[in-house]
Amino acid sequence: MSLLLSGLNNEQLKAVTLQDQSALVLAGAGSGKTRVLTTRIAYLIQSRQVSPHSILAVTFTNKAAKEMLIRISAMLPINTQGMWVGTFHGLCNRMLRAHYQDAGLPQAFQILDSADQLAVIKRVLKDINADIEKFPPRQVQWFINNAKDGGIRGSQVEASDDFTRKMAEFYLVYEQQCNKEGVVDFAELLLRSYELLTRNEVLQKHYSGRFSHILVDEFQDTSQLQYKWLRLLAGAEASVFVVGDDDQSIYAFRGANTGNMKDFERDFNISEIIKLEQNYRSHGNILDAANTLIRNNNGRLDKNLWTSEGDGELLRVYNAPTDLDEAAFIVKEAKSLYAEGVKLSQIGLLYRSNAQSRVLEHALFNASLSYRVYGGLRFFERQEIKHALAYLRMIANPNDDNALLRIINFPARGIGARSLEQLKDSAKEKGGSLWQAALENRGGVVLNQELGDGTLISRIENRAAGIPKKGLNSFVFLIESMQQDCLELTLPEIIKHMLEHSGLVPHYNSQREGANRLENLNELINAVTSYIQEAEDSSLTAFLAHASLEAGEHQSGNDQDAIQLMTVHSSKGLEFHSVFLSGLEEGLFPHDNSRNEAGGLDEERRLMYVALTRAQRRMYLSFTQSRMLHGQTRYNIPSRFLKEIPEKLLKFLHPVQEPAATGRVSGEKNYRVDAPTRNSKLRMQGSASGILDSENLKWSIGQNVIHAKFGEGIIVNCEGGGSDGRVQVKFSQYGTKWLSLEYAKLTSA
DNA sequence: ACTGATTCTTTTTTT
DNA sequence: AAGAATCAGT
């Protein structure tokens, strides 16, 4: 007991040992939040004799859930199986599986990831001949998910204008289609589960009676609906212990609602907020930078991180001519860190958007530094894996049209656009799924056997008569025989069976670039094997749900010492000895798209705050003058966030030699270290391509300039020469403008 | 119906 | 730049 609580500071101890009351813990970055949560669970079980069965813990990511279970198991020799620990989506899935009939779902309902959802929406829109130009599928998707997050069904949308009426109509048709196919999207998991508890009082009583202690991590990232779900589960009795940090709320785009923290205070009669402000992660200068930056946001719950450690190093700023130079710089620094004894896995390389990782990967690869990329294209999202999963989904729930369409002619079996069109028409006419239509359209004598949930299993009488090698019937027979053969098989056997019979392996064997894909298909067997080891439920359906909900975390090479590459978003919760934050440029970070959204800039700033607070000892901030993005070179000015960090905390690094003038070739650069001087402040060094005036070489693309009226900016384009010349300048405040050199008063910055 | 070529689109973050 | 979608030719 004393062992359990030793080493906690006063505030942490107070949070851990609270009596049966609800509590709000405001926990800054690196303040031991996870430790408090796990220790509290262990404390409840050990000292207060709370049954693990009565504990529900919600985390934001699957990784965090896993981590929590591991830590609890390390503290207590108990069986954690009775505890409900997981993400909102994972827990809702668990509940819906247990009560699928009450929830109005088939037993083997499948989960759509975002891409799957978009595919369904596109199909539906096409079916009803909607104007795709006027109503882009992505926007429809956004509308539907937003409505669901607000707890609103298609029939409940309040439409006052034509546009919304149309959206509501699409939403309704989409709902019908999903029901027909027995599939649910991410938001649906939450909404269904919520509706189940609202409608079914017996179930609601059951769960709220069972869970006497509910603990929520990353509470600032919960959505409206998730909060309502929590309240239902809590009922009147449970004590709810939530931990969060409003400064680290970075998922507003996905419905996260910081207001939940204030609502929680009110709804659960919180008299006192416990603040964890002592930071055990970073040195002082890094914390100072983060604290100063975040103070630019409004409406914060007040909080200031401090550390008992020293100031440590200054934050290092590097201005690279191009993204390639930036990557070269990072590689060089990482190498010397490694030489100094920093493990590669203790180096984090962060960026705002996934598109930035390619250049960095390339540089690391050429330098033979091992690295690991998180996010991006995940294992379960790869094309070949999606195909394999589609076969598996057809075995579990053949009404899944997405799955059917993906593989009905893959590998090719002679089912072209024409036959597909017929199949679609027939399905539309009958009002069923494509699979149902396919069953009715095929020849031969078939005895259908209907299971309770509407799934059709067919006994094939004419197998002996020969199975067609091509065409629709061949596909129907293939799936049916797979369904039958797999009835008695274990999960790994099912995967092997599918790989052997689907034709995917021979197909990729014959493809030129297929080796990698074959490897991944093989890896699928490993994925299943490791899944079985930890999962409680080793059914095919459970595995498929796992694949949808945890698209990311299956990656090989987990144990290798490697530099960690990821977006700032996915870095939340992690820490590194040294952190590189690349691409600190206006338009990229803060991102252009955030400018139009209310509160968008504040969210970007919180994102920056998250990035800064990942570093323990050393922080690198880099930006470039020009960057290749989406096939064209963009000229950017330094991020405003750099200017929000006190200059006395920064150390500017400069390349020694002038950068190459043109082209995307780049070698290693030397650089020297300067004390920060007035002139060094975030100024671009050197010049890039695009010389305008051969007479005096005065203006060039990428150059920083100051205009009497518009302030500072950067030249992004040039035209003409001499007195006719014009330059296009991107100003930090006034946007991009063409200026005539004859009139404009430009000075070099 | 299939293949290869060309055009078009997408470019923020994720359960 | 890279992938998806569409188109033309076989």
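To find a chain, count down the sequence lines: A is the first, B the second, and so on, and within it residues start at 1.
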Can you give me every donor-acceptor pair (side chain of residues 86-93 of chain A, partner residue at least two apart or in another chain, under 3.5 Å) with its distance?
{"residue": "T87(A)", "atom": "OG1", "partner": "G90(A)", "partner atom": "N", "Å": "2.9"}
{"residue": "N93(A)", "atom": "OD1", "partner": "R97(A)", "partner atom": "NE", "Å": "3.1"}

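Among the heavy atoms of the strands, none lies under 4.0 Å from S548(A). Residue S419(A) is in sugar-phosphate contact alone, with no base atom involved, counting any heavy-atom pair closer than 4.0 Å across all strands shown. The residue K122(A) sits close only to the backbone: its heavy atoms come under 4.0 Å of sugar-phosphate atoms, none of a base. Residue contacts shown for N409(A) are limited to sugar-phosphate atoms, with no base heavy atom under 4.0 Å away.
One can place CD of Q141(A) at 13 Å from C1' of dT15(B), the figure rounded to the nearest angstrom. Counting to the nearest Å, the C1' atom of dT14(B) and the CD atom of E550(A) are 14 Å from each other. Distance, L225(A) CG to dT15(B) P: 18 Å, rounded to whole Å. If you take CD1 of I408(A) and P of dA1(B), they are 12 Å apart, rounded to a whole angstrom. Atom CD of E218(A) is separated from atom P of dT15(B) by 12 Å (rounded to the nearest Å). Between H507(A) atom NE2 and dC2(B) atom P the separation is 11 Å, expressed in whole Å. Atom P of nucleotide dT15(B) and atom CZ of R94(A) are separated by 20 Å, given to the nearest angstrom. Rounded to a whole Å, the CD atom of Q117(A) is 12 Å from the C1' atom of dT15(B).
The side chain of N145(A) places no N or O atom within less than 4.0 Å of a non-bridging phosphate oxygen (OP1 or OP2) of dT14(B).
Looking at D116(A) and K386(A), a side-chain N of the basic residue comes within less than 4.0 Å of a carboxylate O on the acidic one, giving a salt bridge. In summary, R300(A) and D245(A) do not engage in a salt bridge, as defined by a charged side-chain N under 4.0 Å from a carboxylate O. Ion pairing between a basic and an acidic side chain is recognised when a charged N comes within 4.0 Å of a carboxylate O; E603(A) and R606(A) show such pairing.
Here the separation of dA4(C) from dT13(B), taken at their C1' atoms, is 22 Å to the nearest Å.
Interface limits on DNA chain C: the 5'-most and 3'-most nucleotides within less than 4.0 Å of chain A heavy atoms are dA1(C) to dA5(C).
Among residues two or more places apart in sequence or in another chain, the side-chain hydrogen bond (donor to acceptor under 3.5 Å, both in side chains) test is passed with S622(A) by E326(A). Remark: N593(A) pairs with H591(A) by the side chain to side chain contact (heavy atoms under 4.5 Å, CB included) rule, at least two apart or across chains. In this structure Y251(A) satisfies the side-chain hydrogen bond (donor to acceptor under 3.5 Å, both in side chains) test with no other residue, sequence neighbours excluded. Under the side chain to side chain contact (heavy atoms under 4.5 Å, CB included) criterion, V124(A) pairs with V120(A), V173(A), Q177(A), sequence neighbours left out. Checked against side chain to side chain contact (heavy atoms under 4.5 Å, CB included), A234(A) has the following partners two or more places apart in sequence or in another chain: I214(A), A238(A), V240(A), F268(A). Residues meeting the side-chain hydrogen bond (donor to acceptor under 3.5 Å, both in side chains) test with N296(A), sequence neighbours left out: E644(A).
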Protein-nucleotides 10-13 of chain B N/O pairs closer than 3.5 Å?
{"residue": "dT11(B)", "atom": "OP2", "partner": "R138(A)", "partner atom": "NH2", "Å": "3.1"}
{"residue": "dT11(B)", "atom": "O2", "partner": "H630(A)", "partner atom": "ND1", "Å": "2.2"}
{"residue": "dT11(B)", "atom": "O2", "partner": "H630(A)", "partner atom": "NE2", "Å": "3.1"}
{"residue": "dT12(B)", "atom": "OP1", "partner": "N593(A)", "partner atom": "ND2", "Å": "3.2"}
{"residue": "dT12(B)", "atom": "OP2", "partner": "N593(A)", "partner atom": "ND2", "Å": "2.7"}
{"residue": "dT12(B)", "atom": "O2", "partner": "R352(A)", "partner atom": "NH1", "Å": "3.1"}
{"residue": "dT12(B)", "atom": "O2", "partner": "R352(A)", "partner atom": "NH2", "Å": "2.1"}
{"residue": "dT12(B)", "atom": "O4", "partner": "E597(A)", "partner atom": "OE2", "Å": "2.7"}
{"residue": "dT13(B)", "atom": "OP1", "partner": "N354(A)", "partner atom": "N", "Å": "2.9"}
{"residue": "dT13(B)", "atom": "OP1", "partner": "N354(A)", "partner atom": "ND2", "Å": "3.0"}
{"residue": "dT13(B)", "atom": "O4'", "partner": "R352(A)", "partner atom": "NH1", "Å": "3.4"}
{"residue": "dT13(B)", "atom": "O2", "partner": "H569(A)", "partner atom": "NE2", "Å": "3.3"}

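Residue S114(A) places a side-chain atom within donor-acceptor reach of the base of dT15(B), judged by atom type and a 3.5 Å distance cut-off alone.
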